[in-house]
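Worksheet: one structure, shown below.
Just so it is clear, the values below take in all heavy atoms, side chains as well, and ignore hydrogens, waters and symmetry mates. We count ligands from 1, going down the list as the structure has it; atoms in each ligand are counted the same way. Given the structure is predicted, the values throughout are model-derived calculations rather than measurements.
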Amino acid sequence: MAYDILLIEDDANIRSFAATVLQSHGFAVTACETAAQGLKLFNDKRPDLIIVDIGLPDGNGIDVCRMTRTGVGPFVPVIFLTAKGDLQTRLAAFEVGAQDYIQKPFAIEELLARVKVHLKIKESQDELARRNYDLEILHRVQQDLSDMIVHDLKAPLTSIKGTLDVIKSRGLISEEAYKNLLSNAGEAADFMLLMVNDILDIGRSEQRALPVELSSISVETMMEKLKSLFNPSCQRKNVRIVSTVDPQAKTLTTDTNLFFRILVNLTSNAIKFSPKGQDIEIRTSKVNNKTCFSISDRGPGIPPHLKNHIFDKYAVGHTKSAAEASGTGIGLAFCRLAVTTLGGTIFVEDRPGGGSRFAFELEAK
Ligand code: CA
C-alpha cells in the first residue's frame, strides 16, 4: 500500500521536484501551495506524513503543524522544509510537535531517507496504539466477565450458606425438610461445580483441544438423568421438563461428559428464564445424518442484537450489562466449545409462540 504524503510548498520548482522524486519512489503525493489548502487536505485525506514549508503565502508551516496536532486520530509525522537555518525557527517547529526538518536546497537521498525513517516510526506507533486499544478492550471485557462469574457464583453460594444456617439454628426439623434442604444445597453446589468446570475448560481450550472419549449412549437415559438433576429447581418453579425422543435417534456415539454438560447448561438456562408453570421442551430428532437436540422455553427470548454473540466467550462484552447476560455467558461459551469439539453446530432461534429455542446438531453415529 502506497503511503500518502501531503506536500505544502509555495515554491513551484521545489514542489514539483519533491513531488516527482517521492512519486517515483512509490509514494502517493498530494501537493498544494498554501496553509489553508494544506489544512483542508489534511482534514479530508488524513495523510501518513506531511512535508511543509515554513514560509507560506497565507501563513506559516509552524501554524499548520500546530493545527494538525489538535483533535484525535492517528499520529501523523511532520517534516519541515526550510531555507531559514536559524535555530529559533527549528526550535519553534519542534515545539509545535514536528518530527524533523530538511534545509533547502536538499539532496533527493536526504529527503527520501528522512521520509522513510518517519514513516517507519509512524508504523510502529500505529501498531502500538492498535495493540494498546485491543488490550484495553480485552481488559474491560475480562473485567465484565469476572464480575459476571462472581455474580453467578454468589447466588448458589448464598443458597448453600442459607441452608447450613437453617440446619444449624433449627436443630430439630422433620426428616423430609432436612432432605429437601440438603438436596437444594447439593444442587446449588453442583451448579457451582458445573460453572467452575466450564470456566476451566474454556481457559484450557486456548492451549489444547478438549479431550474427547467416544462411547455409545442412550439418549433416554441421559434425559432421565437430566430430569432428576433438575427435579428440585423444576419443583420450585413449577416447571416440567418434557422430553421427546425420535425412535431413530435413541442412541448416539459421543462423549458422555461433554454431551451431558451441554444439555445441563442449556436446560439450566431454560429453567432460569422460564416463567413459572411453563414446560421446558427437549426434543431429540433425526434430520438427515444429524441428531438434533432442541431445548425450548417460554422465557423472554434472546434480543436480536445478542443472537450473533450469545455463544461468544466474552458475550458479556457485547451486552448492556453483566446482569443481561448473567448466567448464560460462560455456560453458552462452553456449549459452543463442546459442540464444536464434537464436530457439531449450535444455534439459537425464536420459539414460535414466544421464548427461545436453543438447538445443537451432532453427526448421528
Ligand atoms: Ca516558501
Side-chain angles (χ1 to χ4, degrees), residues 1-140:
M1 187 195 73
Y3 286 106
D4 288 315
I5 295 177
L6 173 60
L7 173 64
I8 313 168
E9 164 64 84
D10 58 324
D11 183 315
N13 289 331
I14 298 176
R15 190 170 67 238
S16 126
F17 168 69
T20 308
V21 167
L22 291 166
Q23 277 161 350
S24 70
H25 283 80
F27 297 105
V29 180
T30 308
C32 66
E33 51 192 289
T34 67
Q37 289 167 347
L39 281 170
K40 179 161 188 336
L41 286 167
F42 169 76
N43 287 321
D44 291 351
K45 300 190 78 140
R46 291 282 152 175
D48 298 304
L49 182 140
I50 301 171
I51 300 174
V52 59
D53 188 23
I54 291 278
L56 293 167
D58 59 338
N60 67 61
I62 290 173
D63 289 336
V64 172
C65 180
R66 187 183 294 118
M67 289 169 87
T68 65
R69 292 302 184 241
T70 58
V72 287
F75 161 76
V76 181
V78 173
I79 301 176
F80 276 94
L81 289 180
T82 175
K84 299 175 192 161
D86 68 290
L87 187 63
Q88 284 313 315
T89 309
R90 281 183 232 158
L91 288 180
F94 284 122
E95 216 158 84
V96 295
Q99 274 54 57
D100 210 348
Y101 68 93
I102 305 176
Q103 226 161 294
K104 295 188 274 194
F106 51 83
I108 296 170
E109 292 80 5
E110 188 186 5
L111 175 71
L112 285 171
R114 289 187 193 263
V115 163
K116 282 179 189 164
V117 163
H118 291 292
L119 283 172
K120 189 124 193 112
I121 295 171
K122 175 193 163 53
E123 208 170 77
S124 316
Q125 289 210 350
D126 288 353
E127 177 62 22
L128 268 180
R130 258 195 304 277
R131 282 193 204 174
N132 236 345
Y133 177 78
D134 289 351
L135 277 176
E136 237 170 67
I137 293 286
L138 187 67
H139 175 76
R140 232 174 43 213

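Judged by distance alone, the side chain of Gln23 and the main-chain N or O of Val21 form no donor-acceptor pair under 3.5 Å. Although no hydrogens or angles enter the test, the distance criterion places a donor-acceptor pair under 3.5 Å between the side chain of Lys122 and the main chain of Phe75. Of the possible donor and acceptor atoms, one in the side chain of Ser124 sits under 3.5 Å from a partner among the backbone N and O of Lys120. Checking side-chain atoms of Asp58 against main-chain N and O of Ala36 turns up a donor-acceptor pair under 3.5 Å.
Counting heavy atoms from C-beta on, the side chains of Phe27 and Leu119 come closer than 4.5 Å.
Residues Arg15 and Asp53 are not paired through a salt bridge, judged by the lack of any N-O separation under 4.0 Å between the basic side chain and the carboxylate.
Shown are the protein N/O/S atoms under 3.0 Å from the Ca ion (ligand 1), given by residue and atom: Asp10 OD1, Asp53 OD2, Gly55 O.
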